[in-house]
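Reading through the structure tokens given below for one structure.
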Amino acid sequence: MITLDPLLIAIIVIVVLVVLFSVTCIKIVPQAEAAIVERLGSYLDTWNNGLHVKVPFIDRVRPYISLKEQVFDFPPQPVITKDNVTMSIDSVVFFRIMDPKLYTYGVESPILAIENLSATTLRNIIGDLDLDTTLTSRDTINAKMRAILDEATDAWGIKVNRVEVKNITPPSAIQQAMEKQMKAEREKREAVLLAEGEKQAAITIAEGNKQAQILSAEAAKQQVILAAEAEKEKQIREAEGEAEAIKNVQQATADGIRMVREAGADNAVLTLQAFEALKAVANGRATKLIIPSEIQGMAGLAASLKEIVADDKQ
């Protein structure tokens with residue numbers, strides 16, 4: 001028969017008691033969680049994250065409560081609008097437990113309470129709106145629901161951070177009517193856009209034609225101005241040529257007279273040159289000649305000399 005040492009038995013008993021004590025009395029609360037401790041059935045304390053020890057057989061620790069933000073997607077709820085249209089709306093609620101004690105003792109089944117409160121609040125809000133307003137006022141509905149739920153859940157230690165209307169599903173007949181209306185609106189917008197495009201195109205074409213006519217008129221005007229300037233330049237050059245020719249003739253005449261005077265020609269020579277000039281004039285087709293008085297006098301003198309010479313010969 002095996003005999004155990006009493007000391008060894010005592011050590012084993014102590015180890016077992018320590019293990020049982022550690023398992024049942026030492027609690028470690030994780031981060032972002034909390035624990036409600038009751039002593040003899042009454043609330044004692046709220047444990048946050050860390051190591052805690054409870055009194056065995058007297059204290060009881062409730063299941064841990066998560067302090068992280070939680071999301072609950074509630075099923076669709078039938079609601080009736082102000083204009084008696086029944087539709088189905090489902091919502092999503094984002095909340096966080098701020099006071100574990102109120103959450104534990106404030107209400108039975110807090111999640112179910114939030115769901116029912118959300119459904120009744122949604123019905124009250126939609127009941128004051130018509131169909132069109134409901135479909136276009138999601139932000140307003142969300143804000144009203146969040147304010148009402150947040151105020152109501154304060155007594156439960158819950159903070160409602162956000163409420164979102166997820167889906168709004170009207171009856172099939174209403175959906176078909178809405179689709180037809182949307183199709184008609186799209187066709188109307190398309191027709192308006194086409195008309196605006198045609199109008200803009202016509203305006204653009206008219207503006208282009210106007211600009212083309214203006215440019216053509218400007219070009220014709222420029223051509224007329226250039227032609228007038230060219231004609232003016234031509235006349236100026238012709239006048240300048242004629243003036244230069246006259247100037248050259250006068251200069252030649254003056255040079256000839258000066259040369260005759262410098263050669264010492266007398267009146268007889270000048271008279272003979274005058275006769276030569278008259279002879280050249282007479283060879284033309286002129287029917288009348290105007291002879292200067294000086295030349296006429298010289299002609300009369302020459303005739304008188306001719307008569308005197310003839311008398312002497314007789």
Any donor and acceptor pair, going by atom type alone, linking the side chain of [X] with main-chain N or O of [Y] inside 3.5 Å?
X: Asn49; Y: Ala32; value: no
X: Thr136; Y: Asp132; value: yes
X: Ser118; Y: Ile114; value: no
X: Ser137; Y: Thr134; value: no

Is there a side-chain contact between [X] and [Y] (heavy atoms, below 4.5 Å)?
X: Thr46; Y: Val37; result: no
X: Thr104; Y: Arg62; result: yes
X: Trp156; Y: Tyr103; result: no
X: Pro78; Y: Met87; result: no
X: Glu38; Y: Leu44; result: no
X: Arg96; Y: Met98; result: yes

Checklist entry - Linking I/L/V/M/F/W/Y whenever any side-chain heavy atoms sit under 4.5 Å apart, do Val85 and Ile125 land together? => result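 Cluster IDs for Val85 and Ile125 match.
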
Next on the checklist: Are Ile111 and Ile65 connected into the same hydrophobic cluster when the rule is that any two of I, L, V, M, F, W, Y join if their side-chain heavy atoms are below 4.5 Å apart?
Outcome noted: yes

Item to check | Residue pairs passing the salt bridge (charged side-chain N to carboxylate O under 4.0 Å, His left out) test where at least one lies in residues 226-240, sequence neighbours excluded | outcome: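 Sorted pair list: Glu233-Arg237.
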
Could you tell me which non-hydrogen atom of [X] sits nearest to which non-hydrogen atom of [Y], and how far apart they are?
X: Gly157; Y: Leu102; result: N-CB, 3.6 Å
X: Arg146; Y: Val160; result: NH1-O, 3.4 Å
X: Leu67; Y: Ile97; result: CD2-O, 3.7 Å
X: Glu33; Y: Ser66; result: CG-CA, 4.3 Å
X: Ile158; Y: Pro110; result: CD1-CB, 4.1 Å

Item to check | Summary of ring-ring contact (aromatic ring centres under 6.0 Å, His included) pairs that have at least one residue in residues 49-75, sequence neighbours excluded | outcome: Trp47-His52, Phe72-Phe95

In residues 190-214, what donor-acceptor pairs under 3.5 Å come from side-chain atoms, sequence neighbours left out?
residue: Thr204; atom: OG1; partner: Gln200; partner atom: O; Å: 2.7
residue: Asn209; atom: ND2; partner: Ile205; partner atom: O; Å: 3.4

Checklist outcome for this item: Contacts of Ile28 meeting side-chain contact (heavy atoms from CB on, under 4.5 Å) (sequence neighbours excluded), chain-then-number -> Leu51

Item to check | Within 6.0 angstrom of Ile80 CD1, more than 12 heavy atoms from elsewhere | outcome: no

Checklist entry - When you look at Lys54 and Val61, which way does the side chain to side chain contact (heavy atoms under 4.5 Å, CB included) test go after all the steps? => result CA-CA 8 Å; Lys54 74 180 184 66; Val61 179; 3.7 Å; yes

Item to check | Passing option when Leu129 is tested against Thr140, Ile141, Leu135, Thr81 for side-chain contact (heavy atoms from CB on, under 4.5 Å) | outcome: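 In the set Thr140, Ile141, Leu135, Thr81, the residue that makes a side-chain contact (heavy atoms from CB on, under 4.5 Å) with Leu129 is Ile141.
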
Next on the checklist: I'd like to check the salt bridge (charged side-chain N to carboxylate O under 4.0 Å, His left out) partners of Arg39; sequence neighbours left out, ordered by chain and number.
Outcome noted: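 So Arg39 forms a salt bridge (charged side-chain N to carboxylate O under 4.0 Å, His left out) with Asp59.
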
Item to check | Verdict with reasoning, Val53 to Lys27, per side chain to side chain contact (heavy atoms under 4.5 Å, CB included) | outcome: CA-CA 6 Å; Val53 179; Lys27 300 292 182 182; over 6 Å; no

Item to check | Stepwise side chain to side chain contact (heavy atoms under 4.5 Å, CB included) test for Ile89 and Gln77 | outcome: CA-CA 5 Å; Ile89 301 178; Gln77 302 291 330; 5.7 Å; no

Next on the checklist: Would you compute the distance between atom OG of Ser216 and atom NZ of Lys221 and round it to the nearest 0.5 angstrom?
Outcome noted: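 Answer rounded to 0.5 Å: 13.5 Å.
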
Checklist entry - If you round to the nearest 0.5 Å, how far is CD1 of Ile148 from OG1 of Thr153? => result 11.5 Å

Checklist entry - Thr133 and Asp130: side-chain donor and acceptor closer than 3.5 Å? => result yes

Checklist entry - Under the side chain to side chain contact (heavy atoms under 4.5 Å, CB included) criterion, do Val79 and Thr86 qualify, and how do the steps go? => result CA-CA 6 Å; Val79 295; Thr86 302; over 6 Å; no

Using distance only, find each side-chain donor-acceptor pair of residues 161-169 under 3.5 Å and give its atom names and separation, not counting sequence neighbours.
residue: Asn161; atom: ND2; partner: Glu69; partner atom: OE2; Å: 3.2
residue: Arg162; atom: NE; partner: Glu164; partner atom: OE2; Å: 2.7
residue: Arg162; atom: NH2; partner: Glu164; partner atom: OE2; Å: 3.0
residue: Glu164; atom: OE1; partner: Asn142; partner atom: ND2; Å: 3.2
residue: Lys166; atom: NZ; partner: Asp73; partner atom: OD2; Å: 2.8

